[in-house]
Amino acid sequence: QVQLVESGGGLVQPGGSLRLSCAASGSIFNIYAMGWYRQAPEKQREFIALITSGGSTNYADSVKGRFTISRDNLKNTVYLQMNSLKPEDTAVYYCNAFGVVAGTDTPHHYWGQGTQVTVSS
């Protein structure tokens, strides 16, 4: 019942910027936290950033100072502002939500379909 839809990916030059969005929809449910992960070709999926419903954030060392995560709780949407992009940032970026679907008490992780980010000149 939960849907996560990412958008904003694309091709950008090194040093450029890109802003990703992820909107959660479906039945009424409570989201405790939302975050971003990425997976480069032939590499494992890695954590990028997360933000709780209270606004606390956490970042991977590789993106700290360059990426900023934010959230609009009213819209159940999370954003990832990516600045000073490097070729190493090239990957499929996945949105994640940790929350409870209406009618249940156990929180689960939910994933979006992913959006491609390519940093190249």
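None of the values given here were measured: they were computed from a predicted structure.
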Please report the C-alpha distance between K75 and S21 in whole Å, then the side-chain angles of each, then the deciding distance to 0.1 Å, and finally whether the side-chain contact (heavy atoms from CB on, under 4.5 Å) criterion is met.
CA-CA 11 Å; K75 297 180 179 180; S21 299; over 6 Å; no
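- Here the closest non-hydrogen pair linking S84 and S17 is N-OG, 4.4 Å.
- Using a 4.5 Å cut-off between side-chain heavy atoms of Ile, Leu, Val, Met, Phe, Trp and Tyr, with links allowed through other members, I48 and Y79 fall into different hydrophobic clusters.
- A pairwise comparison of heavy atoms in A40 and A91 identifies N-CB, 3.7 Å as the closest pair.
- Distance OG1/T115 to CZ/R38: 14.0 Å, rounded to 0.5 Å.
- Under the 30°/60° scheme for interplanar angles, the aromatic rings of H109 and F98 are found to be tilted.
- Closest approach of L20 to G9, counting heavy atoms only: CD2-N, 3.6 Å.
- Distance check: R19 CZ to T68 OG1 gives 11.0 Å after rounding to the nearest 0.5 Å.
- Minimum interatomic distance between I69 and Y59 (heavy atoms only, all atoms of both residues): N-OH, 2.9 Å.
- Across all non-hydrogen atoms, the minimal contact from V78 to M34 is CG1-CE, 3.7 Å.
- Under a hydrophobic clustering in which Ile, Leu, Val, Met, Phe, Trp and Tyr are joined whenever their side-chain heavy atoms come within less than 4.5 Å, directly or via other members, L50 and M82 fall into different clusters.
- For the pair H108/V2, no side-chain contact is recorded, criterion being any heavy-atom separation below 4.5 Å from C-beta on.
- Separating the OG1 atom in T57 from the NZ atom in K64 is a distance of 8.0 Å, to the nearest 0.5 Å.
- Here CG of N96 is found 8.5 Å from SG of C22. Values are rounded to the nearest 0.5 Å.
- One hydrophobic cluster holds both V101 and L4 under the rule that ILVMFWY side chains link at heavy-atom gaps under 4.5 Å.
- Formation of a donor-acceptor pair under 3.5 Å by the E6 side chain with backbone atoms of C95 is found in this model.
- Relative orientation of the Y37 and W111 rings is perpendicular, given thresholds of 30° and 60° on the angle between their planes.
- Tracing side-chain contacts under 4.5 Å through hydrophobic residues (I, L, V, M, F, W, Y), one never reaches Y94 starting from I51; they form parts of separate clusters.
- Residue R66 comes nearest to L85 through the heavy atom pair NH1-CA, 3.9 Å, listed as atom of the first residue, atom of the second, then distance.
- For E46, the CD atom is densely surrounded, since the number of other residues' heavy atoms within 6.0 Å is greater than 12.
- Under a 4.5 Å side-chain heavy-atom criterion applied to ILVMFWY residues, the cluster that includes L74 comprises that residue alone.
- Connectivity analysis of hydrophobic side chains (ILVMFWY, heavy atoms under 4.5 Å, direct or indirect) links L11 to nothing; its cluster partners are none.
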